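Here the structure is a predicted model, which is why all the values come from computation and not from measurement.
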Amino acid sequence: MMSAATNTFESVKAVILSAHKSTTSRDKVNFYNSWAENYDQDVTVLDYRAPSLAANSISSHFSGSREAAVVLDVACGTGLVAKQMKRLGFGHFVGVDGSEAMLDLARDSGLYQDLKLSMLGEETLPVQWADSFDVVVIVGALSAGQVPVAVVRELCKSTKPGGYICMTTRSNRDNLEYKGALERELKQMEEEGLWSCVEVTEVEDWERAVSEQEDGYISGAVYLYKKLQL
């Protein structure tokens, strides 16, 4: 039984390491399109906790009506974050992702009122979304080789004044440079008076390590910010 579980982890590991070979945005989209069907099972094998950690962070600070709140789920994938937030009482979701196959599965989940295909970092979020959402959340996409750090300004722009923005990133070796750049940008935006930091949670057991240089679990971080009333 033990070896079957190990094989499963090894196969998932191979899939994720192959993603790192995707250099162009078109390669990345093709990778996610082909991964979509097995994505949910694979991240379960990884013990990927980011969706529930982000949902819990939002839940512990959100004081408005959850049923009425409109949540923008950026890089929504198959809908793992929306599923966790639904469990916590949120009911209205709009999703954005660069992969058509992921969006098809998100659509099948029945969780989203609206879904939009968009390549983050190459296309901006719709102008009409400015100041529109009670909560904006991005889980998993803020990392090296995924979306550029500058995307966080768009997340803030799409949030209602007084609304929350929740972001996650990994803290493993391969992502430390990106994480440093991300934190400088978050701080810079705070200094510009765009938002205030509600909490930063560093999490030890984020997900199982897949790189050859690491074993056990890697760590990660959840950032929760509140958009200031201008």
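- Annotation: K226, atom NZ; neighbour count of heavy atoms from other residues, nucleotides and ligands within 6.0 Å does not exceed 12.
- Contact of the L155 side chain with the V74 side chain is registered, since non-hydrogen atoms from C-beta on lie closer than 4.5 Å.
- Remark: E204 CD is loosely packed, at most 12 non-hydrogen atoms of other residues, nucleotides or ligands lying under 6.0 Å away.
- Atom CG of D108 is surrounded by more than 12 heavy atoms from other residues, nucleotides or ligands within 6.0 Å.
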**Item:** Worked verdict on D40 versus K83 for side-chain contact (heavy atoms from CB on, under 4.5 Å)
**Value:** CA-CA 12 Å; D40 286 10; K83 193 184 290 178; 4.3 Å; yes
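- In this structure, the side chains of L103 and C76 come closer than 4.5 Å at one or more pairs of heavy atoms.
- Counting only heavy atoms from C-beta outward, the side chains of C166 and V222 approach each other to under 4.5 Å.
- By the 4.5 Å heavy-atom criterion applied to side chains, E207 and D47 are not counted as neighbours.
- In this structure, the side chains of M167 and L186 come closer than 4.5 Å at one or more pairs of heavy atoms.
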**Prompt:** Would S59 and R66 satisfy side chain to side chain donor-acceptor pair (under 3.5 Å), going step by step from the backbone distance to the final call?
**Reply:** CA-CA 9 Å; S59 179; R66 295 180 182 211; 2.8 Å; yes
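- For E199, the CD atom sits in a packed shell: over 12 heavy atoms of surrounding residues, nucleotides or ligands are nearer than 6.0 Å.
- V94 is not connected to V81 by any chain of hydrophobic side-chain contacts under 4.5 Å among Ile, Leu, Val, Met, Phe, Trp and Tyr, and they are in different clusters.
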